[in-house]
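Just so you know, these numbers use all the heavy atoms, side chains as well, and skip hydrogens, waters and symmetry mates. We name chains A, B, ... by the order of the sequence lines, and we start the count at 1 in each one.
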Amino acid sequence: MSQRFMILDGSSLLFRAFYALPLLTSPTGEYTNAVVGFSNMLQKMIAEYKPDCMVVAFDKSRHTFRTEMFADYKGNRDKAPEEFSAQVPLLREFLEGWGIPFLEMDNYEADDIIGTLSKRAEEAGGYEVLIVTGDRDALQLVSKDVNVLYTRKGISDIVRYDEAAFKEKYGFEPIRLIDLKGLMGDSSDNIPGVPGVGEKTATKLLLQFGFLEDVYAHIDEVSGKKLKEKLTENQAQAELSKKLATIERNAPVEFTPEEYAITPDHERFFAFCDKYGMRSARQGFEKLYPAQGTLLLELGTEETEQKHKAARIAGRNEAEVFADKLRKASVPAFCGVYEGKVPHLKLRALGLSTGDENAVVESGSEAWDILYPLLEDASLHWVTIDLKSFYHVGGSREAHVEDVQLAAYLADPSIGTADVEQLRSIWLPSAPAISADEDETEKAAEGAGIVSKLWPVIFEKLKGYDMEKLYNDMEKPLVAVLAEMEENGIYVNRDRLSAQAEAVGKKLLDLEQEIYTLAKHPFNINSPKQLGEVLFDELGLPAQKKTKTGYSTNAEVLNSLRYVHPIVEKILEYRLWMKLKSTYLDSIGELIDSETKRVHTTFNQMVTATGRLSSSDPNLQNIPVRKEEGRIIREFFEPGEGYDYLLSADYSQIELRILAHLSQDKNFVNAFTHDEDIHARTASEVFGVPMEDVTSELRRRAKAVNFGIVYGISDYGLSQDLGISRKDAAGYIKSYFEKCPGVKSFIDGTVSEAHEKGYVTTLFGRRRDLPQIHSKNFTQRSLAERMAMNTPIQGTAADIIKLAMAAAYRAIKDAGLKSRILLQVHDELVIETTEEELSKVQEILRGAMEKIVSLSVPLPIDIHYGKNWAEAK
DNA sequence: GCTATCACG
DNA sequence: ACGTACGTGATAGCT
């Protein structure tokens, strides 16, 4: 049996914790957030991995053998803030109480201590080493016996890297991470690398040649003249960078495993926690190391816990007994334990509850075959959380299953997608919280118990809000449609995508060089901070706007400086291509499912405050379209095998049509009834010119005003958008309201109703609370008032397309077509179809989308189709 | 985790 | 005088 030896990078973890948590203070005013965060993480690590021994390593001082080698090593780092530094001694005190040894050394970093200890442990044999760190560099230490637990974001999102996981991510073995750093450098440590070589290029070189030395040994075989030049010019720098990135594994540190056991000192630890007001740290510690004196008490709680603990049902007999209880339960509930990703999601286990009694059943057991079919039994009326996932694993659409999460979102959309524990704390605050230290299946069982109790409470609330129909007839039917859209995915032409990624990569390398030349030195163009310094301090361009942290360098500012200095145009171009490459080309490529060759986005039904959907991983609702360069991305989305076209059906001016309906403004209703150009008509009214004299400039302005109305207009906002004075903007608005009094009274009425009631609703009864509308703070109150104006419009549009989606889905199915809905982009549906079904599917879409509601104005759609998404526009 | 930026409706 | 357009998500940098 091997010993599990855990080594923590104290410095990097404390730093991560510091930035992950708000600045908490002890009762006496000392900052404690970093130590609190470290404590949470430590508890989690010990509970999950149960290490036999442990050491925490610290950086000692800034000066190390690396700064000897290269004076600028980490030279870009500012001094750590005082709020952080003050917590370092606190952590030592904390570790002394906990009984965990820690190490630090002159001239060496924590990494080197970790590297050395892990090597000694490997040599000694019989150890499984786990390194916990927020520093990516440690990944070079990964081996058969050494794994790294890397805190990806903050401190709670931890990924375990073993050899396979590393290879999967980087494509080569861990030790070559230092070669990668040698080539690409590391901006956070100020390691230079080879200028102009980033991760992608470096990886390519390493995959082709091996180690850094091999790249230079075969320098003649490197493709690309520029790249070869850069590599040759910077050979010494690359070699130095590799040295800097290499963790020293023979540091003069003793390996004394007999001293690495954890020896908790209760008295000392409690005194520490009490002094700094760290209650959760104390509780967590007590749970892990029950003290002798509290034995009786512990036994007592253990007994009550036992009663709540879910039974793990495996055998046939127990299953039959529990099945009977479920059939008799008034609110039977389940929580699925899912694994994998759509469209390969699997159900691994179920937490089940009668409301009184909870149980776990694992897929593949004998009990599973008895209990799972109950979920499809139409005589039971189930409640779950996350109904969409249940559909993904094959759950029947016919079964009676309610989604408590969806109901809670409708009752208060501001909570978004709340998990069971959040819902409990909101709706059943006096019920006991879900225990944190159980495994996933046990939590699912306990969660099912809570879900069963939550449903009647939340659904009652929904009825009180008169939102039953919204839930039953709009949102719940949509769940199945979204599940199917996600499973369908959309085909992406991977070859064309990566060819484009490569071409854009080359373009970026060129732009990068041009920018460096114009700036007279290399810098990180992606860093707004560094860019601001280059433009405004070094090149002396006139600074326009400031952000909280420095100069603003956004597109608006840069556009105004376009002709002041040639670098500006290059930067704008660099930004444009960088955005396309990183957000779209690279990341969508990574999300293509290797089996289906398609991307399967997630449509989030419980995120927005207004009732819209959102899309993530990847977001397919913000694929570029406005600019030519970006629109190319759409060409890579194509009909998949068995299909001929992508077809897009989008509502024309849906939000302004809803405004016309809700306000009953004569001008608006008239214009839409007669199918006029609404912006031209608005221009004609507001600027007092006949329709035929409306210039494109006047139309543009009127369009901006119409947008403004939908967003909850202010003269300032409009003046910014149009680049006119605030006074002029106010004039436009005044004239607009005079000509469209119906709109004016609708907006006033909506805002005053919001003040009275504290919330607004859509045409279909969706609700959004606006507590800030009563704020004494002008800014906050004004924001709430604009939300009051915008939400009924944006939300009603969301309602309508949701109804249309369900209707179109049904109609396509009933007609027996193979065409299918793939995407929703707020006012647009994207469908995959065939030559034969082309006209039928258009007819169905018109029927579903245009006729789904009857407003005072028509609701026409535009349809386009083509061989890719760019053509279907 | 927060900020700046930029992609969409 | 206040100080803002509405709704999203992804990426990169940062301390």
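Residues satisfying the salt bridge (Lys or Arg N to Asp or Glu O under 4.0 Å) test with A:Arg786, not counting sequence neighbours, are none. Taking A:Thr417 as the reference, A:Gln405, A:Met606, A:Val607 meet the side-chain contact (heavy atoms from CB on, under 4.5 Å) condition, with sequence neighbours excluded. Here A:Lys734 pairs with A:Glu738 under the salt bridge (Lys or Arg N to Asp or Glu O under 4.0 Å) rule; sequence neighbours left out. Applying the salt bridge (Lys or Arg N to Asp or Glu O under 4.0 Å) rule to A:Glu635 yields the partners A:Arg496; only residues at least two apart in sequence or on another chain are considered.
Closest to the A:Ser582 side chain, of the nucleotides B:dG9, C:dG13, C:dT11, is C:dT11. Comparing C:dT15, C:dC14, B:dT5 against the side chain of A:Ser527 picks out C:dC14 as the nearest.
Legend: salt bridge (charged side-chain N to carboxylate O under 4.0 Å, His left out) pairs involving residues 620-631 of chain A, not counting sequence neighbours, sorted by first then second residue: A:Glu628-A:Arg631. Within the structure, salt bridge (charged side-chain N to carboxylate O under 4.0 Å, His left out) contacts touching residues 789-802 of chain A (residues at least two apart or in different chains) are A:Glu475-A:Lys802, A:Arg766-A:Asp799.
The phosphate of B:dT3 has OP1 or OP2 within less than 4.0 Å of a side-chain N or O from A:Lys548. The side chain of A:Thr547 places an N or O atom within less than 4.0 Å of a non-bridging phosphate oxygen (OP1 or OP2) of B:dA4. Residue A:Arg626 places at least one side-chain N or O closer than 4.0 Å to OP1 or OP2 of B:dG9.
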Report all side-chain donor-acceptor pairs from residues 647-654 of chain A shorter than 3.5 Å, counting only partners two or more places apart or in another chain.
residue, atom, partner, partner atom, Å
A:Ser648, OG, A:Glu828, OE2, 2.9
A:Tyr651, OH, A:Met849, O, 2.7

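Among the heavy atoms of the strands lying under 4.0 Å from A:Ala555 are primed sugar atoms or P, OP1, OP2 only; no base atom is included. A:Arg575 comes within contact range of the sugar-phosphate backbone alone, with a heavy-atom separation under 4.0 Å but no base atom that close.
With a cut-off of 3.5 Å on both pairing distances, the Watson-Crick and G-U wobble pairs of DNA chain C assemble into stems of 3 or more at B:1-9 with C:6-14.
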Next on the checklist: Using a 4.0 Å heavy-atom cut-off to protein, can you give one letter per nucleotide of nucleotides 4-9 of chain C, 5' to 3': B if the base is in contact, S if only the sugar-phosphate is, - if neither?
Outcome noted: BBBBSB
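By the 4.5 Å heavy-atom criterion applied to side chains, A:Arg575 and A:Thr553 are counted as neighbours.
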